[in-house]
Amino acid sequence: MPLHSAFYDTRARAGAVVHLHSCHAVALSVLPDAVAEDFLPPITPYAFMQLGRVRLLPYFRPGDPAIGDAVRGLAGKRSAVMLANHGPVVAGRDVEAACNAIEELEATARLALLLRGQTPNMLTPAQVDELVKIHDIAWGDE
Ligand SMILES: [Zn+2]
């Protein structure tokens with residue numbers, strides 16, 4: 001509850017918040033080289049278009065009020081966070097949008113795991129910048 005409330009409190013346009021304990025996202029979150037600022041690597045445009053940048057937060061005991069504080073600390077700059085060793089949380093304008101976005105997060109985490117140990121051609125920073133501009137993606141830098 002503190003987690004969901006924190007999203008509603010800091011994202012005025014959030015009409016729904018969804019949370020999963022999804023397999024691939026959790027697997028990616030516990031790897032030692034997981035990137036906190038950009039949890040999802042730039043594999044496809046769709047994750048960026050639906051989620052923006054996804055922040056990996058550390059592990060919190062489920063229900064710990066500190067989870068809400070951590071989300072509030074992002075000051076509404078992220079629509080999606082990944083709780084390490086737990087699961088993703090995504091806010092959207094309605095339930096359908098939030099569900100579609102969290103499915104994209106899980107699919108992208110699966111792709112990232114499939115590609116581990118290889119040298120895939122990721123989207124370039126210029127390609128990501130183009131998506132951010134054209135789709136008016138919130139791009140928090142905290
Ligand atoms: Zn949970």
Side-chain angles (χ1 to χ4, degrees), residues 1-125 127-129 131-142:
M1 195 61 193
L3 174 63
H4 292 248
S5 296
F7 266 98
Y8 289 121
D9 291 347
T10 56
R11 297 191 64 82
R13 291 186 299 171
V17 176
V18 294
H19 169 52
L20 296 176
H21 299 157
S22 51
C23 180
H24 298 93
V26 171
L28 191 62
S29 81
V30 300
L31 294 173
D33 56 352
V35 180
E37 286 301 314
D38 287 301
F39 173 64
L40 295 177
I43 301 172
T44 75
Y46 310 107
F48 286 121
M49 289 162 60
Q50 294 191 37
L51 300 153
R53 295 169 78 195
V54 178
R55 175 70 174 268
L56 174 63
L57 295 176
Y59 170 77
F60 293 94
R61 175 184 50 78
D64 184 341
I67 299 176
D69 296 340
V71 170
R72 281 190 180 82
L74 299 174
K77 290 180 178 173
R78 305 290 177 105
S79 67
V81 299
M82 179 67 203
L83 304 173
N85 307 72
H86 185 159
V89 190
V90 176
R93 66 184 177 282
D94 55 31
V95 172
E96 183 177 8
C99 287
N100 287 341
I102 208 165
E103 284 178 10
E104 193 61 43
L105 189 155
E106 176 65 5
T108 303
R110 183 166 186 239
L111 282 171
L113 292 170
L114 288 169
L115 294 168
R116 266 182 77 76
Q118 302 181 57
T119 52
N121 295 316
M122 298 290 185
L123 296 178
T124 66
Q127 289 167 328
V128 171
D129 286 347
L131 290 169
V132 169
K133 287 185 183 121
I134 290 176
H135 295 282
D136 194 25
I137 298 169
W139 207 249
D141 285 326
E142 79 297 330

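Given the structure is predicted, the values throughout are model-derived calculations rather than measurements. Both counts, for ligands and for their atoms, begin at 1 and track the order of listing.
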Legend entry - Pairing residues for His4 by the side chain to side chain donor-acceptor pair (under 3.5 Å) criterion, not counting sequence neighbours: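 His4 satisfies side chain to side chain donor-acceptor pair (under 3.5 Å) with no residue once adjacent residues are dropped.
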More than 12 heavy atoms from other groups under 6.0 Å of [atom1] on [X]:
X	atom1	answer
Asp33	CG	yes
Arg110	CZ	no
Glu96	CD	no

Legend entry - Within less than 2.8 Å of the Zn ion (ligand 1): protein N, O or S atom count: 3
Inset, instruction - Answer yes or no: is there a donor N or O on one side and an acceptor on the other, between the side chain of His19 and the main chain of Pro88, under 3.5 Å? - result: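 A pair under 3.5 Å: yes.
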Inset, instruction - Output yes when Arg13 and Asp94 qualify as a salt bridge under the 4.0 Å nitrogen-oxygen rule, no when they do not. - result: no
